[in-house]
Amino acid sequence: MSYPSAKALLLRAFQHVEEWEASWGSFEHHSSLGVDPDRLYAAMDEYLERLEGNYPFHHPRYAGQMLKPPHPVALAAYTAAQRINPNNHALDGGPPTSQMEQEVVADLADMLGLPDETLGHLTGGGTVANLEALWVARELHPEQSIAVSEDAHYTHGRMSEVLELEAVAIPTDARGRITLDALESVLENHEIGTVVLTAGTTGLGSVDPIDEAQSLCEAHDTRVHVDAAYGGFFRLMAHEETPTFDEFPAAHFRAISECDSVAIDPHKHGLQPYGCGCILFRDPTVGRFYQHDSPYTYFTSDELHLGEISLECSRAGAAAGALWCTLKALPLKPNDGVGAILSACLRAARTWADQINTSDALTLLAPPETDIVGYFPAPDAPTLSAVDAASQDLFHSAMNAAEDPVFVSLYRLPAETLTTLHPSLEADQDEAAVLRSVLMKPEDETYANTLVERLDALTRANGTVSSN
Ligand SMILES: *Cc1c(COP(=O)(O)O)cnc(C)c1O
């Protein structure tokens, strides 16, 4: 099947919306909205040129941070609705996209195995989705603390401060996953209302042992929030019908179905442009905390407005529309649509890791659990300062290579993590940078070998490895 043309889809979408607009009768736009053509095109030209300052996020040679363009169907669907600009704050602000939001929220809950009565809505992103989860955690247990893993996204610590909620840190293993002993000790020694687990850490894509952690929390009568902002869509890979992948923590993804709330970001692995997160609550009665009585309330429906179950007010109806249209075209199936894309990403990470293992110049940090790989140039002297310097060198030289550049990212790790994973390394400093590649584009599967070979050659050219 061929990759759809964004231009053709956009044109079709725009033509359709223009016809719909015209069906309401023609009118003259106000002269104040007019722009001098010279100024208009000069502004556009300068803008488009400045956009060229971006890194090539769309290209397989960009294997760095969590970044990629939306799928053409999402782009066209978003643009079509954006021209109308519905606001999903209230049903009247955009009846069709509000309805679509309810449908996609139900699809996401279903994918994660949550019950039919799950309450949820889209958000501006994972930050707000998690904030709402922590806020509900506080409203339910105002006298208790939350517990968050040391490798959880930094937003949890920051939002706990915003909410004036004490956050107890749960230590992690060298791969960035909470340790059950540490969790148990935190549960025994603190008054914890809710534990935050991560399904796919932002650092290395690691997955907390959600199934065992969930049982421990249940035994202590503690709620569980899963931050699946990055990894939530990998639930499709834990389906009985999907092939099994080495190191893939399927049981942990299945256990999400038992948790109290989940944050998931369609703007990460759901092919959407930024501005699309989602929060889901198993217990729909938490909707009571959101209650407000604003004089702006719209009047055409007695149904619960999305604005009545959300902390944000105005939200792009286009975000809901784009996700709805995308999931119609690329469904949440294990072997089709989004699932086929995610399996390619898992294969990309495994191929990348295998290829690193065949290189004398590069060392794999640890086998990837999802689609993020950590690695570093094998230095002459096995010290952290040498790893750090060689990683920085490769990061810069790969990005700035005159021919065939490769874009990766840097990731700082504490000495203890590095020496636990690689005992031969000498800890001559407290931390060191390694390289990190988020392989969230399915094309990465095809290009992984070539790109790692290129990194291998660049490492040798840098002279940071002596042998061969
Ligand atoms: C990205 C991410 C967040 C923050 O979400 P935004 O969409 O960037 O606001 C929170 N948690 C995890 C695990 C993430 O990967």
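Just follow the structure's listing: the first ligand is 1, and inside any ligand the first atom is 1.
- When only non-hydrogen protein atoms are considered, atom 2 (C) of ligand 1 lies nearest to K268 NZ, 2.4 Å.
- Checked by atom type and distance alone, the side chain of Q214 pairs as donor or acceptor with a backbone atom of E258 at under 3.5 Å.
- When each atom of ligand 1 is checked for a heavy atom of Y230 under 4.0 Å away, the hits are 15 (O).
- Applying the 4.0 Å criterion to heavy atoms of N130 picks out, from ligand 1, the atoms 10 (C), 11 (N).
- Centroid-to-centroid, the aromatic rings of W352 and Y447 stay 6.0 Å apart or farther.
- The pair E369-R177 meets the salt-bridge criterion, with a side-chain N (NZ, NE, NH1 or NH2) lying under 4.0 Å from an Asp/Glu carboxylate O.
- A salt bridge does not link E164 with R138: every distance from a Lys NZ or Arg NE/NH1/NH2 to an Asp or Glu carboxylate oxygen is 4.0 Å or more.
- By the 3.5 Å distance cut-off applied to N or O atoms, G200 is not counted among the residues near ligand 1.
- Near D227, meaning under 4.0 Å from one of its heavy atoms, ligand 1 places the atoms 10 (C), 11 (N), 12 (C), 13 (C).
- By the 30° and 60° cut-offs, the orientation of the rings of Y55 relative to Y62 is parallel.
- Some N or O of D265 is nearer than 3.5 Å to an N or O of ligand 1, by distance alone.
- When only interatomic distances are considered, the shortest N/O to N/O separation between H156 and ligand 1 does not fall below 3.5 Å.
- When hydrogens are left out, the protein atom nearest atom 5 (O) of ligand 1 is G126 CA, 3.2 Å; that is the closest non-hydrogen contact.
- In this structure, F407 has its ring center no closer than 6.0 Å to that of H59.
- The shortest N/O to N/O separation between T127 and ligand 1 falls below 3.5 Å.
- The ligand atoms of ligand 1 that sit less than 4.0 angstrom from a heavy atom of T202 are 12 (C), 13 (C), 14 (C), 15 (O).
- At the shortest separation from atom 3 (C) of ligand 1 among protein heavy atoms lies H153 CD2, 3.4 Å.
- Using the six-membered ring where Trp is involved, Y274 and H267 have ring planes that are perpendicular, over 60° apart on the 30 and 60° scheme.
- A side-chain donor-acceptor contact under 3.5 Å links R282 to the backbone of C259.
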